[in-house]
Amino acid sequence: MTEAYLPPTIDWVAKQVELYEGSGGTEGTTLLDTGLPCILVTHRGVKTGALRKTPLMTVKVDEGYVLIGSYGGAPKDPTWVANLRANPDITLRDRTDVFELRAREITDPSERQRLYDAGVAVFPPNAEYAKKTDRVIPVFLAEPR
């Protein structure tokens with residue numbers, strides 16, 4: 001039996017996921033035409049219970065991956081944030097490597113800042129996104145289970 005999978009509703013995201021997954025992690029590993037590396041996070045939807053797949057910037061810190069819910073500085077969190085809060089066990093694909101990880105939201109201000117800064121170093125627009133919104137942008141650290 002296979003679990004229900006709901007593809008992304010945003011066209012470019014769906015194409016990115018399809019290319020990344022369909023190639024086994026040999027294609028679609030950079031965000032659009034930026035050349036910046038991305039990972040693919042598989043998580044369970046809090047409302048549907050279905051599997052969802054989300055490409056995010058590759059921000060590796062020690063043995064974990066930093067997941068930043070910037071959503072381009074939008075006033076609300078991306079949907080995947082609620083999913084990880086409810087169901088923190090994820091599968092993460094980094095190119096051809098696949099890991100079973102658990103994501104924990106970082107609430108300690110100094111740890112959160114350190115990890116957010118790591119995200120800015122990889123993807124500088126994150127600095128501007130934080131200035132565009134009044135919300136505290138969620139930061140998760142996905143680590144081995």
Just by modelled atom types, is the [Y] backbone N or O under 3.5 Å from a matching donor or acceptor in the [X] side chain?
| X | Y | answer |
| --- | --- | --- |
| T34 | L31 | yes |
| S23 | Y20 | yes |
| R145 | L101 | yes |
| D94 | I39 | no |
| T133 | A74 | yes |
| E128 | G73 | no |

Point to revise | E21: salt bridge (Lys or Arg N to Asp or Glu O under 4.0 Å) partners, not counting sequence neighbours | key: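 Salt bridge (Lys or Arg N to Asp or Glu O under 4.0 Å) check on E21 returns K53, R93.
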
Same cluster for [X] and [Y] if Ile/Leu/Val/Met/Phe/Trp/Tyr side chains link at under 4.5 Å?
| X | Y | result |
| --- | --- | --- |
| V66 | L56 | no |
| V13 | Y129 | yes |
| L32 | I10 | yes |
| V61 | M57 | yes |
| W12 | F123 | yes |

Rounded at 0.5 Å granularity, tell me how far [atom1] in [X] sits from [atom2] in [Y].
| X | Y | atom1 | atom2 | answer |
| --- | --- | --- | --- | --- |
| K76 | R135 | NZ | CZ | 10.0 Å |
| E105 | L67 | CD | CG | 11.0 Å |
| S70 | K132 | OG | NZ | 9.5 Å |
| T54 | H43 | OG1 | NE2 | 3.0 Å |
| W80 | T42 | CH2 | OG1 | 13.5 Å |
| T29 | L40 | OG1 | CG | 11.0 Å |

Check whether any side-chain heavy atom of [X] sits under 4.5 Å from a side-chain heavy atom of [Y], and report yes or no.
| X | Y | result |
| --- | --- | --- |
| L36 | T30 | no |
| L6 | L51 | no |
| I137 | I68 | yes |
| T91 | V98 | yes |
| P55 | V17 | yes |

Check your understanding: What do the steps show when you test Y65 against L92 for side chain to side chain contact (heavy atoms under 4.5 Å, CB included), and what is the final call?
Key -> CA-CA 9 Å; Y65 288 83; L92 185 145; 3.8 Å; yes

Can you name the nearest heavy-atom pair linking [X] to [Y], along with the distance?
| X | Y | value |
| --- | --- | --- |
| N126 | G119 | ND2-O, 3.5 Å |
| R52 | P7 | NH2-O, 3.8 Å |
| P78 | G69 | CD-O, 3.5 Å |
| V120 | A127 | CG2-N, 3.7 Å |
| G28 | C38 | O-SG, 3.8 Å |

Point to revise | Residue among V136, V139, V59 satisfying side-chain contact (heavy atoms from CB on, under 4.5 Å) with Y116 | key: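 Answer to the side-chain contact (heavy atoms from CB on, under 4.5 Å) test with Y116 among V136, V139, V59: V139.
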
**Study point:** Contacts of type side chain to side chain donor-acceptor pair (under 3.5 Å), residue T58, not counting sequence neighbours
**Key:**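 Side chain to side chain donor-acceptor pair (under 3.5 Å) list for T58, sorted by chain: empty.
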
Check your understanding: Quick one: side chain to side chain donor-acceptor pair (under 3.5 Å) partners of N87, sequence neighbours excluded?
Key ->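 None.
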
Review point. Do the charged groups of E18 and K15 touch, with an N to O distance under 4.0 Å?
Key: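 So E18 does not pair with K15 through a salt bridge.
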
Show me the pairs that pass salt bridge (Lys or Arg N to Asp or Glu O under 4.0 Å) and involve [range], at least two apart or across chains.
| range | result |
| --- | --- |
| residues 106-124 | R104-E111 |
| residues 37-47 | E3-R44 |
| residues 60-74 | none |

Practice item. Any chance you could lay out the salt bridge (Lys or Arg N to Asp or Glu O under 4.0 Å) test for R102 and E143, step after step, and finish with the verdict? Key: CA-CA 5 Å; R102 177 165 289 135; E143 301 168 297; over 6 Å; no

Exercise for review: Determine, step by step, whether Y71 and D77 satisfy the side chain to side chain donor-acceptor pair (under 3.5 Å) criterion, reporting the C-alpha distance in whole Å, the side-chain angles of both residues, the deciding distance to 0.1 Å, and the verdict.
Suggested key: CA-CA 6 Å; Y71 208 30; D77 292 336; over 6 Å; no

